[in-house]
**Q** 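Sharing a structure, written as structure tokens. Questions coming.
Counting from 1, the numbers follow the sequence of the chain as shown. Note: hydrogens, waters and symmetry copies are ignored here, and every other heavy atom, side chains too, is used.
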Amino acid sequence: MTEYTSDIKTIPYNDELIFSMLSDMSNLERIKDKIPEDQVKQFTFDRDHCSFEINPVGKIEFQIIDREPNKTIKFETTNSPVPINLWIQLIQTEEKITKMKMTLRADLNPFLKPMVSKPLQDALDKISNVIATLPYE
């Protein structure tokens, strides 16, 4: 497994608010308009799942597999060209300050790794930036 991590982000909300929103994928409705329709198509979601199509990759589906209240949310792909695990870690450092880090692990073969490493890291960084700037109230 190849591992990618985001920078640690500071979010100006408490961990309970952040966890509550991120652990329910139906809350993606709030940011649906920020997703570029020319890059991501057929975006669907419910509490535990989301799916979308990305050219030229195809359909990708994520499912929440574990929730540790106010600390960790773990996801895995149920449909993807390569198996991917993703998790979000939260640590509240002050009353309204929470640190967040995202980690992605992908099962990449040696041929594929050089081609997808940079796009995967870039995607992880973009997602963590969006999550860090969401309104959680």
Side-chain angles (χ1 to χ4, degrees):
M1 289 285 230
T2 304
E3 186 170 294
Y4 305 90
T5 58
S6 71
D7 291 335
I8 295 173
K9 304 293 182 184
T10 300
I11 305 174
Y13 294 93
N14 71 44
D15 59 1
E16 187 176 351
L17 282 173
I18 298 166
F19 179 85
S20 177
M21 184 172 155
L22 297 179
S23 65
D24 181 348
M25 285 201 261
S26 62
N27 287 320
L28 290 170
E29 184 69 41
R30 294 181 182 185
I31 61 161
K32 193 174 184 180
D33 62 324
K34 294 181 182 183
I35 298 169
E37 291 180 20
D38 61 325
Q39 296 174 7
V40 178
K41 299 183 186 321
Q42 297 188 1
F43 187 55
T44 62
F45 45 85
D46 61 28
R47 177 173 161 67
D48 295 318
H49 303 87
C50 77
S51 68
F52 47 90
E53 287 188 22
I54 300 176
N55 286 330
V57 177
K59 187 172 184 178
I60 299 175
E61 296 177 16
F62 276 96
Q63 170 182 330
I64 294 178
I65 58 167
D66 189 31
R67 295 174 176 91
E68 185 179 351
N70 306 343
K71 294 185 188 302
T72 310
I73 307 160
K74 294 182 180 179
F75 306 82
E76 73 178 7
T77 53
T78 55
N79 184 44
S80 171
V82 296
I84 295 174
N85 292 311
L86 172 74
W87 60 97
I88 300 171
Q89 296 167 298
L90 304 171
I91 297 174
Q92 186 168 316
T93 57
E94 295 177 35
E95 185 178 338
K96 290 192 174 185
I97 302 289
T98 300
K99 302 288 185 178
M100 181 208 57
K101 181 172 96 171
M102 294 181 69
T103 304
L104 182 145
R105 284 190 181 156
D107 190 5
L108 304 174
N109 69 45
F111 176 74
L112 194 57
K113 185 177 177 179
M115 293 186 295
V116 301
S117 283
K118 183 167 176 22
L120 281 174
Q121 184 66 56
D122 290 348
L124 186 64
D125 292 339
K126 286 177 185 175
I127 293 167
S128 68
N129 285 334
V130 169
I131 289 173
T133 60
L134 291 174
Y136 287 93
E137 294 180 310

**Q** With sequence neighbours excluded, give me every salt bridge (Lys or Arg N to Asp or Glu O under 4.0 Å) pair touching residues 74-89.
**A**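 For residues 74-89, and leaving out neighbouring residues, there are no salt bridge (Lys or Arg N to Asp or Glu O under 4.0 Å) pairs at all.
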**Q** Look only at the side chain of Asn27 and the backbone of Met21, and say whether a donor-acceptor pair between them is shorter than 3.5 Å.
**A**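 A pair under 3.5 Å: yes.
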**Q** Quick check: closest heavy atoms across Ile60 and Pro81, and the distance to 0.1 Å?
**A**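 So the minimum-distance heavy-atom pair works out to CG1-CD, 4.4 Å.
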**Q** Is Met102 close to Ile127 at the side-chain level, that is, under 4.5 Å between some pair of heavy atoms?
**A**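 Ile127 vs Met102: side chains touch.
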**Q** Rounded to the nearest 0.5 Å, what's the gap from OG1 on Thr77 to CG on Asn85? Could you check?
**A**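 Reported value, rounded in 0.5 Å steps: 7.0 Å.
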**Q** Any pair with a residue in residues 50-93 that passes ring pair (Phe, Tyr, Trp, His ring centres under 6.0 Å), sequence neighbours left out, goes on the list, sorted by first then second residue, please.
**A**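 Sorted pair list comes back empty.
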**Q** Taking all atoms of both residues into account, what is the closest heavy-atom pair of Ser20 and Ser23, and its distance?
**A**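 Result for this residue pair: O-OG, 3.6 Å.
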**Q** So which atom in Arg47 and which in Ile64 form the shortest heavy-atom distance, rounded to 0.1 Å?
**A**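 Shortest heavy-atom separation between Arg47 and Ile64 comes out as O-CD1, 3.9 Å.
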**Q** Under the side-chain hydrogen bond (donor to acceptor under 3.5 Å, both in side chains) rule, collect the residues that match up with Thr2, sequence neighbours excluded.
**A**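 Listed in chain order: nothing, the list is empty.
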**Q** Would you list the pairs meeting salt bridge (Lys or Arg N to Asp or Glu O under 4.0 Å) in which at least one residue belongs to residues 62-71, sequence neighbours left out?
**A**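 Listed once each, the pairs are Asp48-Arg67.
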**Q** Please check if Leu112 and Leu124 belong to a single hydrophobic cluster, counting links between Ile, Leu, Val, Met, Phe, Trp and Tyr side chain heavy atoms closer than 4.5 Å.
**A**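 Per the 4.5 Å side-chain linkage, Leu112 and Leu124 are co-clustered.
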**Q** Determine the minimum heavy-atom distance between Cys50 and Phe45, stating which atoms define it.
**A**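 Shortest heavy-atom separation between Cys50 and Phe45 comes out as CB-CB, 3.9 Å.
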**Q** Does CD belonging to Glu16 count more than 12 external heavy atoms closer than 6.0 Å?
**A**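 Atom CD in Glu16 is not crowded, with 12 or fewer foreign heavy atoms closer than 6.0 Å.
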**Q** Could you give the distance from CD (Gln63) to CG (Asp46), rounded to the nearest 0.5 Å?
**A**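 It comes to 9.5 Å.
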**Q** Applying the 4.5 Å side-chain criterion to the ILVMFWY set and letting contacts propagate, would Ile54 and Phe43 be lumped into a single cluster?
**A**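 Ile54 and Phe43: one cluster.
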**Q** Between Ile73 and Phe19, which heavy-atom pair has the shortest distance, and what is it?
**A**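 Closest pair (atom of Ile73, atom of Phe19, distance): CG1-CE1, 3.6 Å.
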**Q** With sequence neighbours excluded, give me every salt bridge (Lys or Arg N to Asp or Glu O under 4.0 Å) pair touching residues 103-121.
**A**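 Every salt bridge (Lys or Arg N to Asp or Glu O under 4.0 Å) pair that includes a residue of residues 103-121, provided the two are not neighbours, is Glu3-Arg105, Lys118-Asp122.
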**Q** Atom CD in Glu94, atom NZ in Lys99: separation rounded to 0.5 Å?
**A**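 Here the interatomic distance stands at 8.0 Å.
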**Q** Tell me, do Lys101 and Ser6 make a side-chain contact under 4.5 Å, heavy atoms counted?
**A**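 The answer is yes, as the side chains (C-beta and beyond) meet within the 4.5 Å cut-off.
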**Q** Sub-3.5 Å donor-acceptor pair from the side chain of Gln92 to the main-chain atoms of Glu95, do we have one?
**A**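 Yes, the answer is positive, given that a donor and an acceptor are paired below the 3.5 Å cut-off.
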**Q** Should Leu90 and Asn70 be marked as a side chain to side chain contact (heavy atoms under 4.5 Å, CB included) after you check the CA-CA gap, both sets of side-chain angles, and the distance that decides it?
**A** CA-CA 7 Å; Leu90 304 171; Asn70 306 343; 6.0 Å; no
**Q** Kindly compute the distance separating CD (Glu53) from OG1 (Thr44), expressed to the nearest 0.5 Å.
**A**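 Taking CD in Glu53 and OG1 in Thr44, the distance rounds to 9.5 Å.
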**Q** Tell me, which pairs form a ring pair (Phe, Tyr, Trp, His ring centres under 6.0 Å) where one or both residues lie in residues 105-137, sequence neighbours left out?
**A**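 Non-adjacent pairs meeting ring pair (Phe, Tyr, Trp, His ring centres under 6.0 Å): Tyr13-Tyr136.
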**Q** Look at the side-chain heavy atoms of Ile, Leu, Val, Met, Phe, Trp and Tyr, link any pair under 4.5 Å apart, and say whether Met115 and Val82 land in one connected group.
**A**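 Cluster IDs for Met115 and Val82 match.
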**Q** If two hydrophobic side chains count as joined below 4.5 Å and joins carry through other members, does Val130 share a cluster with Leu104?
**A**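 Yes, same cluster.
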**Q** Can you tell me how far CG of Leu22 sits from CG of Leu17, rounded to the nearest 0.5 angstrom?
**A**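 Between Leu17 CG and Leu22 CG, I get 10.5 Å after rounding to 0.5 Å.
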**Q** Is there a donor-acceptor pair under 3.5 Å between the side chain of Ser128 and the backbone N or O of Asp125?
**A**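 Yes, Ser128 side chain to Asp125 backbone: donor-acceptor pair under 3.5 Å.
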**Q** With heavy-atom distances below 4.5 Å as the criterion, would you say the side chains of Ile131 and Met100 are in contact?
**A**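 Yes; the side chains approach each other to less than 4.5 Å.
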**Q** Could you check whether any side-chain heavy atom of Asn79 comes within less than 4.5 Å of a side-chain heavy atom of Ser51, counting everything from C-beta outward?
**A**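 SC-SC contact between Asn79 and Ser51 ruled out.
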**Q** Between Gln121 and Thr5 (side chain of the first, backbone of the second, donor and acceptor by atom type, cut-off under 3.5 Å), is there such a pair?
**A**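 The answer is yes, because a donor-acceptor pair under 3.5 Å joins these two groups.
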**Q** Evaluate whether atom CD1 of Ile8 has more than 12 neighbouring non-hydrogen atoms of other residues, nucleotides or ligands under 6.0 angstrom away.
**A**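 12 or below, so no.
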**Q** Which distance, rounded to the nearest 0.5 Å, do you find between the CE of Met25 and the NE2 of His49?
**A**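 Nearest 0.5 Å value for the CE-NE2 distance: 7.0 Å.
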